[in-house]
Every structure is written in structure tokens, then in C-alpha cells.
Participant: 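Take a look at this one; I'll ask things after.
We're numbering straight along the sequence, starting at 1. Every value quoted in this text rests on a predicted model; they were computed, and no experiment measured them.
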Amino acid sequence: MNKFEQLGLSESLQRAIIDLGFENPTEVQEKAIPMLLEKDTDLVALAQTGTGKTAAFGFPLIQKIDADNRNTQALILSPTRELCLQITNEIKNYSKYEKGINVVAVYGGASITEQAREIKRGAQIIVATPGRMQDMINRGIVNISQINYCILDEADEMLNMGFYEDIVNILSTTPDEKSTWLFSATMPQEVARIAKQFMHNPEEITVGTKNSGSATVSHEFYLVNARDRYEALKRLADANPDIFSVVFCRTKRDTQAVAEKLIEDGYSAAALHGDLSQAQRDGVMKSFRGRQIQMLVATDVAARGIDVDNITHVVNYQLPDEIETYNHRSGRTGRAGKLGTSIVIVTKSELRKISSIERIIKQKFEEKTVPNGIEICEIQLLHLANKIKDTEVDHEIDNYLPAINEVLNGLTKEELIKKMVSVEFNRFINYYKKKRDLSGEKGGERSERSSEPREIRAGDPVRYFVNIGSRDDFDWMQLKDFLKETLDLGRDDVFKVDVKEGFSFFNTDGEHTEKVMEVLNGFDLNGRRINVEISKNDGGSSNRRDHNGRSSGGNFRGSSNSGGYRGERSSAPRSGGFGPKIERGSAPRGGGFSSDRPAREGGFGGRSESRGSAPRTGGVGGFSSDRPARRSEGTSDRAPRRSEGSSDAPRERRPRRS
């Protein structure tokens with residue numbers, strides 16, 4: 001039985017809920033819907049982004065609207081154009097079986113004349129941004145003096161954006177006897193002031209603790225020198241082969257600069273900021289939702305209202321000026337009960353902000369160190385091996401097999417694997433072996449890993465590779481519990497657990513190595529034989545024992561299921577999997593195993609070619625792959641080109657290809 005049936009919703013709404021695939025209401029929906037249906041009351045609901053607040057007010061609102069009355073009966077205020085359109089679309093989906101209900105979106109950047117025309121035709125529900133709504137009231141285009149319901153969605157965000165006066169003016173033109181529903185993630189003083197001034201004995205719903213962060217999001221920070229911020233961002237992307245993220249910067253200029261550098265370095269990225277036209281923003285968001293973009297670099301204002309499923313990571317390239325904003329950033333991941341990770345790249349001077357954020361979100365950050373080259377190589381190669389194993393064979397290749405077999409005749413299986421892997425591994429190792437550690441002020445505590453086996457001593461941490469991961473229904477906490485129980489170890493004896501799709505890493509002290517190898521090797525897990533090996537790294541990225549890091553994997557090379565690695569031009573290993581190196585001026589690199597694919601094939605794409613050479617791959621929409629290499633992709637044609645001084649540190653210039 002669908003649990004929405006127990007909330008008192010009409011049959012037509014329940015039909016829409018079934019069509020939408022909703023099964024169980026979230027906590028805020030379970031608390032708010034019956035209350036709002038039962039009586040006309042003011043309501044303050046505090047719940048994190050991604051907890052289903054739109055449905056919490058949308059369903060009861062639709063049920064209370066008189067479809068036969070064409071006058072405006074409800075006003076929903078939201079902070080941004082994106083959220084305004086999103087709410088409008090959701091309300092339309094909820095009311096698909098309600099005849100006669102008309103919903104109109106009112107926002108800046110679109111024709112005010114057309115919006116006024118739609119309202120004049122009859123709009124029982126208006127969804128609006130405060131600025132455009134105030135403009136329409138001033139022009140006498142809209143009349144909200146007789147509305148029955150006013151909803152403030154993401155109230156704290158609207159006030160953070162400077163809409164206090166607009167909201168006060170708008171609410172002052174509405175009737176006193178209306179019902180006001182205020183939904184917010186946090187309760188700063190400005191929101192409390194609005195509630196006190198315009199609401200009468202409101203009911204209050206709190207999901208979780210006031211102002212707290214979502215329980216489904218883990219928080220970690222990486223301490224680096226300021227000049228290494230961008231390099232750290234790339235390494236974190238490379239160390240997570242399935243990452244799908246929003247990267248936050250403080251300013252439009254930094255957002256544009258970081259996005260351009262990522263595109264230039266071959267990552268599937270785009271910028272989202274206020275200098276883009278509405279059409280360009282819509283194009284970027286369409287590509288992001290389709291996972292054709294995997295690193296969306298955004299300002300806080302532009303990102304408000306982004307509602308995209310399955311975002312694995314939020315990356316705080318720079319912390320926000322207002323630390324309360326961090327809660328909204330991290331709320332972009334870990335939605336609908338899924339796990340997510342919020343990463344902060346921080347310098348020593350910013351460490352105090354971490355403590356301040358911890359007090360606000362009532363959760364602790366885990367301090368981690370930026371992976372070094374050997375760790376990234378190992379993760380990428382194992383990830384690629386799993387992708388090769390899981391690849392479905394396209395039998396169109398059968399016609400070419402005789403010639404291929406003739407070329408490879410005489411090679412054993414082991415020799416073939418070594419040669420194939422070496423094609424890519426040589427580039428990895430050549431790129432990373434000269435790269436220094438990026439562990440910031442703690443750099444002296446860590447030494448570069450050696451690929452040579454080391455002597456295992458009882459007190460030293462030992463890092464292991466195990467052939468089980470998220471596909472076996474493990475997250476890092478579940479795997480840690482499984483290891484502790486199976487090995488009969490203490491709570492702190494298993495640490496730095498990192499779970500990837502088809503494999504994982506974990507640490508123990510050296511004294512447990514014999515036990516780990518003896519008990520786990522050959523262990524039967526639901527018919528699958530476990531294999532454990534000692535990693536050639538030195539026991540993890542830190543000697544700290546509290547690193548139970550979680551990762552959904554992550555390199556950023558185009559499509560969500562592609563492997564491969566993106567390095568820098570020339571010396572860096574090429575992304576898109578194994579394949580022959582394409583020389584300048586030849587065919588564009590494609591994703592997947594062979595680099596000879598057409599540019600747009602596979603949604604994965606290779607790295608950018610040198611300027612003037614073959615078109616880039618992996619581009620979509622506003623960052624089409626046939627644009628010149630230096631073009632700022634995914635941004636406005638009028639957007640200024642990045643100045644050389646706009647990054648956090650001087651960029652390492654890559655040699656051109658010969």
C-alpha cells in the first residue's frame with residue numbers, strides 16, 4: 001500500500017503520485033501534509049534541501065485550490081529562476097489530473113509581457129522570484145490582495161540574497177487572513193523576523209535538528225597551500241572515477257576561470273554564473289542533468305535551486321563568505337536518502353572556518369590528505385580493469401578479430417594484459433612520478449610513496465586492496481563493520497576505508513596483516529570469493545587512524561560510466577581509457593577503449609587538443625566539440641576570457657604536442 005494514501009490526499013493527487021513513482025513520504029511530507037490539509041494555519045517548516053519540501057506544500061496547496069475560480073489564490077516565492085521553474089514544473093506534474101488549475105512562473109530574464117498575459121488568462125497559482133514579483137506589483141500587472149495562501153520556499157536563501165525589502169513589500173500587499181507557509185533549511189534572525197511580523201501563532205515542524213546538516217552527507221576537508229588549490233581539485237577528481245559534482249567558487253570570475261582551466265585540461269566541465277543568459281543557463285543545466293557535464297562550476301547564487309539526482313560530491317573550491325551558506329551547498333548531494341560527500345579544499349588560514357561550520361551543521365569534518373600519484377594510478381587502473389571486465393562485447397568487432405589475432409599471435413594472456421595496461425600506465429607513472437605531495441602545511445609529515453615493497457612492522461599501518469565494493473551493497477561504514485566482525489578486530493583496528501564500485505581499500509596496523517590475509521583470502525561472500533592483496537602504497541594517505549573516508553569513486557572524464565584518466569597536455573596520461581595516442585591534427589580523441597571514435601561518441605570524450613588542432617571531444621550544448629580549443633565552452637559568447645592572473649596560483653604551462 002502506498003503510504004501517501006494515509007495522508008488524506010485526494011484520489012486525483014494519488015494517481016499523480018503513482019505516475020511520479022513516489023512510494024513513501026519523506027519526514028517533512030509526513031508531518032506537513034496532514035496538518036495543512038486538516039486546517040488553515042500558518043506553518044514554519046525547517047528541513048534541509050533535498051528532503052521533499054516542494055511536495056510537502058504542493059500537494060495540500062493543490063487540494064485546497066478552487067479550480068473553478070480563475071483568480072489568483074496562491075503565491076509561491078522562491079529565490080532563483082531555476083528554482084522558480086522547477087517548482088512550477090513539479091506543481092504542474094502534481095496537478096496533472098486536476099482540471100482547470102493553471103500555474104504560471106514569474107521570473108526575471110524572460111518577457112514580462114508574456115508572463116502578464118498568462119496571468120490575465122487566469123492563474124490560480126503564481127510561482128515567482130521576489131524581484132520580478134515586486135516589479136509586476138508596482139506596474140499593476142498582478143493582484144495578490146485576495147490570495148488565500150502564501151508560501152516562502154528557501155526563505156533563508158531569499159534573505160541571504162538581499163530580498164528582505166521585496167519580501168516585506170510583497171507580503172504587505174497580501175491579506176492578513178491568508179495562510180502563510182514558510183519553508184527553510186535554517187532559521188537565521190531575518191527569517192524569524194519575517195515569521196514574527198507576518199505569521200500568527202504558526203505551527204512548527206523541524207526535520208532533524210535546527211540548522212543541522214543532512215545525515216546522509218559526510219564532510220571532509222583537504223589542507224593545501226593556496227597555490228595548489230586547483231591541482232588538488234584535479235587530483236580529487238582523478239581519485240574518484242565516477243564523480244558527478246558541483247564545484248562552488250565565491251565569484252563569477254573565479255567560476256569562469258576554474259571552469260575554463262578544467263575544460264582546457266580535458267575535464268567535462270562548464271560554468272554556471274550570473275553573466276550567462278537564461279538560454280545559456282538552461283543549456284548548461286540540461287547537459288548537467290544528462291550527465292554530459294560532470295563538473296559544474298558554479299557560484300552560490302547561480303546554483304540555488306539546482307535539483308539534480310545522484311550528485312556524488314559537492315566540492316567547496318573556496319568556502320563561502322557566509323558560513324551558513326555551506327549548509328545549502330552540501331545539501332546538493334545526499335538527496336532522497338542517498339549518500340553523498342561534501343569536500344572542502346582549505347588553506348591553513350581558513351581552518352578556523354571548519355570549526356565554525358561544524359558548530360552550525362552539528363557534524364564533524366574528517367581531515368584527509370590529497371592523494372598522491374601512486375594512489376591515483378592504482379585507483380584508475382583498477383577502475384579501468386573493472387570497466388573492461390564489465391564491458392559488453394559489440395559483435396560488430398568480430399569481422400576484425402582475425403587480423404587482430406594475427407597481430408597478437410604468440411602473446412600469452414599475462415603478456416597481453418601487461419602490454420595493454422602498460423600503454424596507459426606508462427603515461428600515468430611518467431606524469432605523476434615527478435609530482436610533489438599536496439598535503440599543504442602537513443607536507444613534511446608525508447613522504448612520497450615508493451612503488452617498491454616495504455618491510456611491514458607491527459606498529460605501521462598497512463593498506464589492502466579487496467575485490468568487493470559498492471556493487472556488493474557496501475558503503476564505507478558497512479564494509480568497515482563487515483571487516484571488524486569477520487576479522488574479530490576492535491573498533492579502531494580497521495581504518496581509512498575507501499569504497500569504489502568494484503573494489504575497495506582499507507588499513508590495519510601491521511600486527512594484523514597475517515590475520516587479514518589468512519581469514520579474508522578465499523572467504524565466500526554470497527558465492528563470491530574474496531581476494532585481498534597488500535597495496536604497494538605505504539599504508540594510506542595519512543598515518544592518522546580516524547580516516548574512514550568514503551568515496552563513490554571518481555574520475556571525471558565524460559560519461560558517468562567511463563574510466564580513464566585526465567592529466568595535463570603532452571606529458572600527462574590521456575583520458576578515455578586505453579588507446580593509441582592521437583597526434584596533433586589527426587582525428588579527435590573519443591571516450592572508451594579506443595581513441596579513434598568520433599568526437600561525440602560515448603558521451604565521454606578525450607582531453608582537449610592543442611589549440612588549432614582537432615576539435616575537442618566530450619563537449620555538448622554550449623561547449624560543442626567543434627569549437628576552437630581556446631574557446632570558453634559552456635559560457636556566454638560575451639563572457640570575458642579568463643585572465644592569466646585570475647587563478648589562485650600561476651598555472652603550470654604544458655608543452656605543446658610535437
Side-chain angles (χ1 to χ4, degrees), residues 218-224 232 235-236 238-241 243 312-313 339 341-344 363-380 382-383 437-440 442-443 445-451 454 456-470 472 474-487 489-513 515-517 519-520 530 532-554:
S218 65
H219 304 265
E220 55 193 45
F221 72 89
Y222 294 80
L223 180 61
V224 299
R235 290 200 188 186
L236 291 172
D238 289 340
N240 291 278
I243 194 169
T312 62
H313 293 73
L339 300 178
T341 302
S342 179
I343 291 172
V344 177
Q363 290 177 258
K364 285 290 184 183
F365 275 79
E366 180 183 356
E367 182 178 0
K368 303 185 82 172
T369 45
V370 179
N372 66 18
I374 296 298
E375 291 172 318
I376 291 174
C377 288
E378 184 170 17
I379 290 170
Q380 289 285 349
L382 290 171
H383 177 76
D437 202 303
L438 298 184
S439 54
K442 295 192 175 182
E445 297 178 5
R446 300 172 67 212
S447 59
E448 282 295 332
R449 311 303 200 276
S450 169
S451 59
R454 62 184 178 86
I456 297 176
R457 293 172 295 189
D460 288 345
V462 177
R463 191 150 179 80
Y464 307 88
F465 161 81
V466 60
N467 64 333
I468 54 177
S470 59
D472 302 293
F474 285 111
D475 59 28
W476 72 268
M477 291 180 288
Q478 293 166 332
L479 181 57
K480 181 174 181 178
D481 289 340
F482 167 76
L483 293 170
K484 286 189 303 181
E485 293 171 7
T486 304
L487 297 169
L489 296 177
R491 180 170 179 262
D492 297 324
D493 289 335
V494 179
F495 52 101
K496 201 174 184 302
V497 180
D498 288 306
V499 176
K500 310 299 180 185
E501 183 182 358
F503 57 91
S504 303
F505 297 97
F506 66 94
N507 283 21
T508 72
D509 280 342
E511 62 189 271
H512 303 302
T513 298
K515 186 176 188 179
V516 169
M517 303 300 286
V519 173
L520 288 182
I530 292 180
V532 180
E533 299 174 7
I534 296 176
S535 169
K536 294 197 175 178
N537 296 327
D538 65 354
S541 60
S542 173
N543 288 332
R544 291 169 54 104
R545 299 176 53 83
D546 58 349
H547 284 186
N548 294 321
R550 189 172 44 149
S551 173
S552 58

Participant: Ring-plane angle category for F465 and F503, please: parallel below 30°, perpendicular beyond 60°, tilted otherwise.
Facilitator: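 Rings of F465 and F503: tilted, 30 to 60°.
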
Participant: Nearest 0.5 Å please: distance from the CZ atom of R235 over to the CG atom of N372.
Facilitator: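 Answer rounded to 0.5 Å: 7.5 Å.
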
Participant: I'd like to know if the side chain of R463 and the backbone of K496 have a donor-acceptor N/O pair within less than 3.5 Å.
Facilitator: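 Side chain of R463 to backbone of K496: a pair is present.
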
Participant: Which heavy-atom pair separates F506 from V516 by the least distance, and what is that distance?
Facilitator: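 What the structure gives for the nearest pair is CZ-CG1, 3.9 Å.
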
Participant: Could you walk me through whether H219 and V344 satisfy the side-chain contact (heavy atoms from CB on, under 4.5 Å) test, starting with their C-alpha distance in whole Å, then the side-chain angles of each, then the deciding distance to 0.1 Å, before giving a yes or no?
Facilitator: CA-CA 8 Å; H219 304 265; V344 177; over 6 Å; no

Participant: How long is the straight-line distance from OG of S504 back to CG of D472, given to the nearest 0.5 Å?
Facilitator: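 With rounding to 0.5 Å, CG (D472) is 8.0 Å from OG (S504).
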
Participant: Are the side chain of D509 and the backbone N or O of E511 linked by a donor-acceptor pair below 3.5 Å?
Facilitator: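 Side chain of D509 to backbone of E511, a donor-acceptor pair under 3.5 Å: no, none is there.
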
Participant: Give me the atom names and distance for the closest heavy-atom approach of A232 to V370.
Facilitator: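 Reported closest heavy-atom pair: CB-CG2, 4.1 Å.
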
Participant: If you round to the nearest 0.5 Å, how far is CG of D493 from OG1 of T508?
Facilitator: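 With rounding to 0.5 Å, OG1 (T508) is 8.0 Å from CG (D493).
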
Participant: Could you point out which residue of T486, D481, L479 forms a side chain to side chain contact (heavy atoms under 4.5 Å, CB included) with L483?
Facilitator: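 In the set T486, D481, L479, the residue that makes a side chain to side chain contact (heavy atoms under 4.5 Å, CB included) with L483 is L479.
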
Participant: What I'd like to find out is whether the side chain of S535 reaches to under 4.5 Å of the side chain of V462, using heavy atoms alone.
Facilitator: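 Sidechains of V462 and S535: no contact.
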
Participant: For the residue pair M517 and I534, what are the closest heavy atoms and their distance?
Facilitator: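 The answer is SD-CG1, 4.1 Å.
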
Participant: Are I243 and T312 close enough, and set up right, to give a side-chain contact (heavy atoms from CB on, under 4.5 Å), and what steps lead you there?
Facilitator: CA-CA 6 Å; I243 194 169; T312 62; 3.7 Å; yes

Participant: Run the side-chain contact (heavy atoms from CB on, under 4.5 Å) test on F482 and I468 for me, step by step, so that the C-alpha distance in whole Å, both residues' side-chain angles and the decisive distance to 0.1 Å come before the verdict.
Facilitator: CA-CA 11 Å; F482 167 76; I468 54 177; 4.2 Å; yes

Participant: Quick check: does any side chain N or O of E378 sit under 3.5 Å from a backbone N or O of E375, one acting as donor and the other as acceptor?
Facilitator: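 No: the side chain of E378 does not pair with the backbone of E375.
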
Participant: Tell me whether the count of non-hydrogen atoms from other residues, nucleotides or ligands lying under 6.0 Å of NZ in K515 goes above 12.
Facilitator: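 Yes, because the 6.0 Å sphere around NZ of K515 holds more than 12 heavy atoms from other groups.
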
Participant: Check whether any side-chain N or O of K500 sits under 3.5 Å from a backbone N or O of H383 as a donor-acceptor pair, and report yes or no.
Facilitator: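 Checked: no pair found.
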
Participant: Would D498 and K368 count as a salt bridge (Lys or Arg N to Asp or Glu O under 4.0 Å) here? Give the steps.
Facilitator: CA-CA 12 Å; D498 288 306; K368 303 185 82 172; 3.6 Å; yes

Participant: Which distance, rounded to the nearest 0.5 Å, do you find between the CD1 of I343 and the CZ of F221?
Facilitator: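 It is 13.0 Å, given to the nearest 0.5 Å.
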
Participant: Run the side-chain contact (heavy atoms from CB on, under 4.5 Å) test on I530 and N467 for me, step by step, so that the C-alpha distance in whole Å, both residues' side-chain angles and the decisive distance to 0.1 Å come before the verdict.
Facilitator: CA-CA 6 Å; I530 292 180; N467 64 333; 3.9 Å; yes

Participant: In Å, rounded to the nearest 0.5 Å, how long is the span from OH of Y222 to CD of E366?
Facilitator: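 Rounded to the nearest 0.5 Å, the OH-CD separation comes out at 8.0 Å.
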
Participant: Could you state the interatomic distance from CG (L382) to CZ (F505), rounded to the nearest 0.5 Å?
Facilitator: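 Rounded to the nearest 0.5 Å, the CG-CZ separation comes to 5.0 Å.
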
